[in-house]
Amino acid sequence: MGFNRARIAIDAMGGDFAPGEIVAGAIRARAELDVDVALVGDIDQIKASTASPEQLVGIELVPAEGSIEMHEEPLSALRKKPQASINVAMDLVKRNEADAVVSAGHSGAAMAAALLRLGRLKGIDRPAIGAVFPTVVANKSVLILDVGANVDCRPKYLEQFAIMGTIYSRYVLGVDSPRVGLINIGEEPSKGNDAALKAHQLLEENPNIPFAGNAEGRDILSGQFDVVVCDGFVGNVLLKFAEAVGESVLQILREELPQGVRGKVGASILKPNLRRIKQRVDHAEHGGGLLLGVAGVTVISHGSSQAPSVFNAIRLAKEAVDNCVQDRIQAQYQRVAIPAADGE
């Protein structure tokens with residue numbers, strides 16, 4: 001884009017705690033991540049959400065009119081509200097005035113706005129949301145995609161997800177030789193429905209995919225795989241279940257550890273360990289999911305995002321920009337043309 005450092009457009013009006021928590025996360029990111037940020041939304045509300053005007057020094061405020069509400073149908077709402085914050089943020093990327101968009105608002109609207117404003121990368125039939133999950137192996141994560149963009153998937157889409165996931169894992173997550181798995185009900189190649197069988201064959205035969213076989217539910221967080229692909233229905237269920245498990249574990253620890261005198265002493269001693277546990281299982285530490293396959297970096301964060309999650313979503317966007325994820329995906333498809341999925 002020509003910027004010396006990543007420039008991130010942030011939908012300040014999207015999310016349950018907008019604009020206050022969104023603005024707070026953006027201010028922290030501007031200070032700690034070596035990024036430029038542009039807050040898009042109602043400028044009066046943005047200014048009112050801060051303790052002092054000085055906190056917004058160095059941050060560009062871009063005016064927008066309203067936002068897409070959760071009850072609204074994405075496409076019709078985007079057309080009725082051309083100056084909504086998510087539309088304006090996407091237009092900044094389209095005009096090369098920003099490198100990426102981060103939004104905690106209506107996820108369907110964010111995906112639709114990205115497709116309408118930015119378009120798909122050449123060779124990609126369907127974009128996918130990739131979410132990073134912790135595993136039982138310390139300092140090792142797994143990328144799961146799709147986690148919500150496509151409820152139904154043809155085998156060819158899963159093949160494309162695997163290629164995009166491989167590139168992301170290699171260049172952003174730093175995995176030299178990513179192991180790609182296909183979610184299935186058994187590890188044997190003969191298991192699963194017709195779509196799973198066809199997808200398995202495509203992944204196995206594609207030389208650009210380091211395919212390691214089927215991944216059962218118990219394998220996803222085992223550390224055995226670096227990338228796992230599935231349709232958006234299954235992926236979204238996994239995402240929300242994993243978030244609930246993480247929150248449940250943290251709540252149980254809060255309730256049980258301080259019980260009794262010994263528990264209070266033990267909880268005090270274990271405080272640093274508990275902090276590390278929270279960092280590994282709390283979804284706020286990951287910020288959200290990257291929408292792979294559109295012609296511009298887009299991070300879709302949780303609707304309940306507060307400042308720490310917004311900060312991490314901006315970090316995720318910066319990493320994707322700095323590592324040229326979109327360019328690498330496009331270059332892959334220019335080198336090896338994969339037939340379009342239509343008719344698959």
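In what follows, every heavy atom counts, from backbone to side chain, and hydrogens, waters and symmetry copies are set aside. Computed from a predicted structure; not experimentally measured.
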Exercise. So, Gln330 and Gln326: side-chain donor and acceptor under 3.5 Å apart, yes or no?
Worked result: no
For this session: Mind jotting down which residue pairs meet the ring-ring contact (aromatic ring centres under 6.0 Å, His included) criterion with at least one end in residues 181-233? Sequence neighbours excluded, please.
Result: His200-Phe211
Problem set entry | Min side-chain heavy-atom separation Leu56-Leu39 under 4.5 Å | yes
Exercise. Between Ser309 and Gln306, is there a donor-acceptor pair closer than 3.5 Å when you use the side chain of the first and the backbone of the second?
Worked result: no
Exercise. Are side-chain heavy atoms of Asn150 and Asp231 found at a separation under 4.5 Å?
Worked result: no
Exercise. Which distance, rounded to the nearest 0.5 Å, do you find between the CZ of Phe161 and the CD1 of Ile124?
Worked result: 9.0 Å
Problem set entry | Trace of the side chain to side chain contact (heavy atoms under 4.5 Å, CB included) decision for Leu115 with Val294 | CA-CA 7 Å; Leu115 285 169; Val294 294; 4.0 Å; yes
Exercise. From Leu158 CG over to Cys230 SG, what is the distance, rounded to the nearest 0.5 angstrom?
Worked result: 8.0 Å
For this session: Can you see which heavy atom on Ala196 is nearest to which on Asn184, and at what distance?
Result: CB-ND2, 3.6 Å
Exercise. Would a 4.5 Å heavy-atom cut-off, applied to side chains only, mark Val325 and Val297 as touching?
Worked result: no
Exercise. So does Lys122 have more than 12 non-hydrogen atoms from other groups sitting under 6.0 Å from NZ?
Worked result: no
For this session: Indicate whether the side chain of Ser76 and that of Glu73 have a donor and an acceptor atom separated by less than 3.5 Å.
Result: yes
Seminar exercise, completed: Residues joined to Val62 in its hydrophobic cluster, side chain to side chain under 4.5 Å directly or through other members, sorted by chain and number, are Val40, Val88, Leu92
Problem set entry | Phe133 and Val228: CA distance, side-chain angles, deciding distance, side chain to side chain contact (heavy atoms under 4.5 Å, CB included) verdict | CA-CA 10 Å; Phe133 287 62; Val228 174; over 6 Å; no
Exercise. Do the side chains of Ser141 and Leu173 get nearer than 4.5 Å, heavy atoms only?
Worked result: yes
Exercise. Would a distance-only check, ignoring hydrogens and angles, find a side-chain to backbone donor-acceptor pair under 3.5 Å from Gln55 to Ala51?
Worked result: yes
Problem set entry | Closest contact, heavy atoms only, Leu182 versus Leu203 | CB-CD1, 3.9 Å
Exercise. How about Arg218: does its CZ atom have over 12 heavy atoms from other parts shown lying under 6.0 Å from it?
Worked result: no
Problem set entry | Same apolar cluster: Phe17 and Ile68, side chain cutoff 4.5 Å | no
Seminar exercise, completed: Nearest heavy-atom approach of Ala26 to Ile10 is CB-CD1, 3.6 Å
Seminar exercise, completed: Correct closest heavy-atom pair for Val102 and Ala317 would be CG2-CB, 3.9 Å
Problem set entry | Test side-chain hydrogen bond (donor to acceptor under 3.5 Å, both in side chains) applied to Ser169 and Asp226, step by step | CA-CA 7 Å; Ser169 180; Asp226 301 290; 5.1 Å; no
Problem set entry | Cluster link Met13 to Ile22, ILVMFWY, side chain under 4.5 Å | no
Exercise. Which is it for Arg28 and Val310 under the side chain to side chain contact (heavy atoms under 4.5 Å, CB included) test, yes or no, and what are the steps along the way?
Worked result: CA-CA 9 Å; Arg28 180 186 167 195; Val310 174; over 6 Å; no
Exercise. Would you call Asp146 and Arg126 a salt bridge, using N to O less than 4.0 angstrom?
Worked result: no
Exercise. Ala112 and Leu78: which non-hydrogen atoms are nearest, and at how many Å?
Worked result: CB-CD1, 3.5 Å
For this session: Considering only NZ, NE, NH1 and NH2 on the basic side and carboxylate oxygens on the acidic side, decide whether Glu72 and Lys81 come within less than 4.0 Å.
Result: yes
Exercise. Can you check whether Glu188's main-chain N or O pairs, donor with acceptor, with Asn214's side chain at less than 3.5 Å?
Worked result: yes
Problem set entry | Side chain Arg30, main chain Ala38, donor-acceptor under 3.5 Å | no
Exercise. Taking only residues two or more places apart in sequence or in another chain, which ones pass side chain to side chain donor-acceptor pair (under 3.5 Å) with Glu65?
Worked result: none
For this session: Verify, without hydrogens or angle tests, whether Asp42 (side chain) and Asp44 (backbone) share a donor-acceptor contact under 3.5 angstrom.
Result: yes
For this session: Of all the heavy-atom pairs spanning Leu197 and Pro189, show the shortest one and how long it is.
Result: CD2-O, 3.3 Å
For this session: Check whether any side-chain heavy atom of Leu75 lies under 4.5 Å from a side-chain heavy atom of Leu116, and answer yes or no.
Result: yes
Exercise. Does the side chain of Thr166 reach to within under 4.5 Å of the side chain of Asn208, using non-hydrogen atoms?
Worked result: no
Problem set entry | From CD1 (Ile183) to CD1 (Ile144), nearest 0.5 Å | 5.5 Å
Problem set entry | Presence of salt bridge, Glu319 and Arg315, under 4.0 angstrom | yes
Problem set entry | Evaluation steps, side chain to side chain contact (heavy atoms under 4.5 Å, CB included), between Val227 and Val142 | CA-CA 6 Å; Val227 178; Val142 58; 5.9 Å; no
Seminar exercise, completed: One should read off an interatomic distance between Met90 CE and Arg95 CZ, to the nearest 0.5 angstrom, of 13.5 Å
For this session: Working to the nearest 0.5 Å, report the span between CD of Gln160 and CD1 of Ile209.
Result: 9.5 Å
Exercise. Does Val101 reach the side chain of Ile86, with side-chain heavy atoms less than 4.5 Å apart?
Worked result: yes
Problem set entry | Sidechain-backbone polar pair: His106 side chain, Ala109 backbone, donor-acceptor under 3.5 Å | yes
Problem set entry | Carboxylate-amine/guanidinium contact Asp36 Arg5, below 4.0 Å | yes
Exercise. How many angstroms lie between atom CD1 of Ile300 and atom CG of Leu291, to the nearest 0.5 angstrom?
Worked result: 5.0 Å
Exercise. Would you say the side-chain atoms of Glu159 and Asn206 include a donor-acceptor pair closer than 3.5 Å?
Worked result: yes
For this session: Flag the pair Asp91 and Arg117 as a salt bridge only when some basic side-chain nitrogen lies within less than 4.0 angstrom of an acidic carboxylate oxygen.
Result: yes
For this session: Please determine, by modelled atom types, if Asp16 and Ser304 share a side-chain donor-acceptor pair under 3.5 angstrom.
Result: no
Problem set entry | Under 3.5 Å: donor-acceptor pair, side chain of Arg179, backbone of Gln224 | yes
Exercise. For the side chain of Asn236 and the backbone of Val147, is there at least one donor-acceptor N/O pair under 3.5 Å apart?
Worked result: yes
Exercise. Around Asp152, counting heavy atoms of other residues, nucleotides and ligands shown, do more than 12 lie under 6.0 Å from its CG?
Worked result: no
Exercise. Is there side-chain contact between Tyr168 and Leu290, with heavy atoms separated by less than 4.5 Å?
Worked result: yes
